[in-house]
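Values below: all heavy atoms of this structure, side chains included; hydrogens, waters and symmetry mates excluded.
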Amino acid sequence: MLELSALGLLQREPLHGYRLKQQLELFMSSCISVNYGAIYPLLKRLEERGHIGVIAEEAGDAGCPRKIYAITPSGRDRWRQKMLEHPQESWVNSGSRFQIKFFFFGDLEPTERLKLLEHRLRVCYLRQDYIENLENECPLTDSYQFASRDRCKSILDLEIQWLSTQLAKEKNAIAEMQQPLLVSN
């Protein structure tokens with residue numbers, strides 16, 4: 001998720017590592033944990049793979065120069081690939097990954113956004129079924145367990161409602177783009 005996020009932000013503007021960390025914390029701190037021990041090795045790997053490149057260096061606060069990174073065409077391709085993939089992962093990670101992807105929806109084509117929304121909605125419905133089946137197999141025994149279950153269901157219901165609204169907006173926008181322009185006489 002960190003690679004997806006970093007490439008997405010670098011796609012918008014060149015950044016040095018410290019500024020990249022700040023933006024990641026500002027925009028994605030509810031989805032991923034960001035620390036310097038992960039950022040600088042990631043930047044090095046992305047540079048070695050040709051996904052980003054150093055475009056300038058500026059003086060840093062501690063006297064060490066700061067490298068300013070920009071995304072390359074290969075990095076843009078990698079970002080799009082990461083945006084459109086659906087890795088097998090835990091429910092929590094898939095939710096965080098979707099939130100990060102949604103942050104960058106403006107950089108995708110409408111049909112790509114539609115596919116991602118539809119996929120996430122299917123995953124949420126599968127999660128609902130899983131929770132219902134689990135309730136039958138593992139009966140709850142006290143009020144705290146019931147309250148916890150109810151909270152999980154409520155959060156899931158809210159996400160399904162939100163996704164359905166986003167999906168409808170996206171479909172409407174696509175339909176409007178496809179309508180021929182009316183010519184007045």
Participant: Report the C-alpha separation of Arg45 and Glu3 in whole Å, then their side-chain angles, then the decisive distance to 0.1 Å, and conclude whether the salt bridge (Lys or Arg N to Asp or Glu O under 4.0 Å) test is met.
Facilitator: CA-CA 10 Å; Arg45 277 192 314 275; Glu3 178 181 348; over 6 Å; no

Participant: Measuring from Cys31:SG to Lys101:NZ, what's the distance to the nearest 0.5 Å?
Facilitator: 12.5 Å

Participant: Measure across Leu121 and Leu167 and return the closest heavy-atom pair with its distance rounded to 0.1 Å.
Facilitator: CD2-CD2, 3.9 Å

Participant: Determine whether a donor-acceptor pair (N or O, by modelled atom type, separation under 3.5 Å) exists between the side chain of Thr72 and the backbone of Gly50.
Facilitator: yes

Participant: So, does Glu47 use its side chain to make a donor-acceptor pair with the main chain of Leu43 at under 3.5 Å?
Facilitator: no

Participant: Which heavy-atom pair separates Ser74 from Arg49 by the least distance, and what is that distance?
Facilitator: OG-O, 4.3 Å

Participant: Got a second to check how far His51's NE2 is from Asp77's CG, nearest 0.5 Å?
Facilitator: 9.0 Å

Participant: Given the rule that I, L, V, M, F, W and Y join up when any side-chain heavy atoms are under 4.5 Å apart, are Met1 and Leu84 in one cluster?
Facilitator: yes

Participant: Answer yes or no: is there an ion pair linking Arg120 with Glu159, defined by an N-O contact shorter than 4.0 Å?
Facilitator: yes

Participant: Should we say atom CD of Gln145 is surrounded by more than 12 heavy atoms from elsewhere, each under 6.0 Å from it?
Facilitator: yes

Participant: Considering the options Glu112, Glu109, Glu85, which one meets the side-chain hydrogen bond (donor to acceptor under 3.5 Å, both in side chains) requirement together with Arg80?
Facilitator: Glu112

Participant: Of all heavy-atom pairs between Arg113 and Glu170, which one has the smallest distance, and what is that distance?
Facilitator: NE-OE2, 2.7 Å

Participant: Of all residues at least two apart in sequence or in a different chain, which pass the ring-ring contact (aromatic ring centres under 6.0 Å, His included) check with Phe146?
Facilitator: none

Participant: Tell me whether Ile174 is reachable from Met83 by hopping between hydrophobic residues (I, L, V, M, F, W, Y) whose side-chain heavy atoms are closer than 4.5 Å.
Facilitator: yes

Participant: Do any side-chain atoms of residues 6-20 form donor-acceptor pairs under 3.5 angstrom with protein atoms, and if so which ones, sequence neighbours left out?
Facilitator:
{"unit_1": "Arg12", "atom_1": "NE", "unit_2": "Asp107", "atom_2": "OD2", "d": "3.2"}
{"unit_1": "Arg12", "atom_1": "NH2", "unit_2": "Asp107", "atom_2": "OD2", "d": "3.0"}
{"unit_1": "Glu13", "atom_1": "OE2", "unit_2": "Gln23", "atom_2": "NE2", "d": "3.2"}
{"unit_1": "His16", "atom_1": "ND1", "unit_2": "Tyr18", "atom_2": "N", "d": "3.4"}
{"unit_1": "His16", "atom_1": "ND1", "unit_2": "Arg19", "atom_2": "N", "d": "3.2"}
{"unit_1": "His16", "atom_1": "NE2", "unit_2": "Arg66", "atom_2": "NH1", "d": "3.4"}
{"unit_1": "Tyr18", "atom_1": "OH", "unit_2": "Gln22", "atom_2": "NE2", "d": "3.2"}
{"unit_1": "Arg19", "atom_1": "NH1", "unit_2": "Gln22", "atom_2": "OE1", "d": "3.3"}

Participant: May I ask you to check whether over 12 heavy atoms, not counting those of Lys115, lie within 6.0 Å of atom NZ?
Facilitator: no

Participant: What pairs meet the ring pair (Phe, Tyr, Trp, His ring centres under 6.0 Å) rule with one or both residues in residues 115-145, with sequence neighbours excluded?
Facilitator: His86-His119

Participant: Taking only residues two or more places apart in sequence, or in another chain, which ones meet Ser164 in a side chain to side chain donor-acceptor pair (under 3.5 Å)?
Facilitator: none

Participant: Side-chain heavy atoms under 4.5 Å apart, restricted to Ile/Leu/Val/Met/Phe/Trp/Tyr: what other residues fall into the cluster of Ile55, or is it alone?
Facilitator: Ile68

Participant: Assigning hydrophobic clusters by single linkage (Ile, Leu, Val, Met, Phe, Trp, Tyr; side-chain heavy-atom cutoff under 4.5 Å), is Val92 placed with Val34?
Facilitator: no

Participant: Which heavy atom in Phe104 sits nearest to a heavy atom in Ser5, and how many Å separate them?
Facilitator: CZ-O, 3.7 Å

Participant: Ignoring hydrogens, what is the shortest heavy-atom contact between Ile160 and Cys124? Give both atom names and the distance.
Facilitator: CG1-CB, 3.6 Å

Participant: Taking atom CG of Leu46 and atom CZ of Arg78, what is their separation to the nearest 0.5 Å?
Facilitator: 8.5 Å

Participant: Could you pull out every donor-acceptor pair under 3.5 Å between side chains of residues 151-158 and any protein atom, sequence neighbours left out?
Facilitator:
{"unit_1": "Lys153", "atom_1": "NZ", "unit_2": "Glu135", "atom_2": "OE2", "d": "3.1"}
{"unit_1": "Asp157", "atom_1": "OD1", "unit_2": "Gln128", "atom_2": "NE2", "d": "3.0"}

Participant: Under a 4.5 Å cut-off applied to non-hydrogen side-chain atoms, are Arg97 and Pro87 in contact?
Facilitator: yes

Participant: How far apart are the closest heavy atoms of Pro65 and Glu57, and which atoms are they?
Facilitator: CB-OE1, 3.4 Å

Participant: Please say yes or no: joined through hydrophobic side-chain contacts below 4.5 Å, possibly via intermediate residues, are Leu126 and Trp162 part of one cluster?
Facilitator: no

Participant: Within the supplied structure, the quantity of interest is the number of heavy atoms (other residues, nucleotides, ligands) at a distance under 6.0 Å from Lys67 NZ; does it exceed 12?
Facilitator: no

Participant: Parallel, tilted or perpendicular for Phe102 and Phe105, by the 30°/60° rule?
Facilitator: tilted

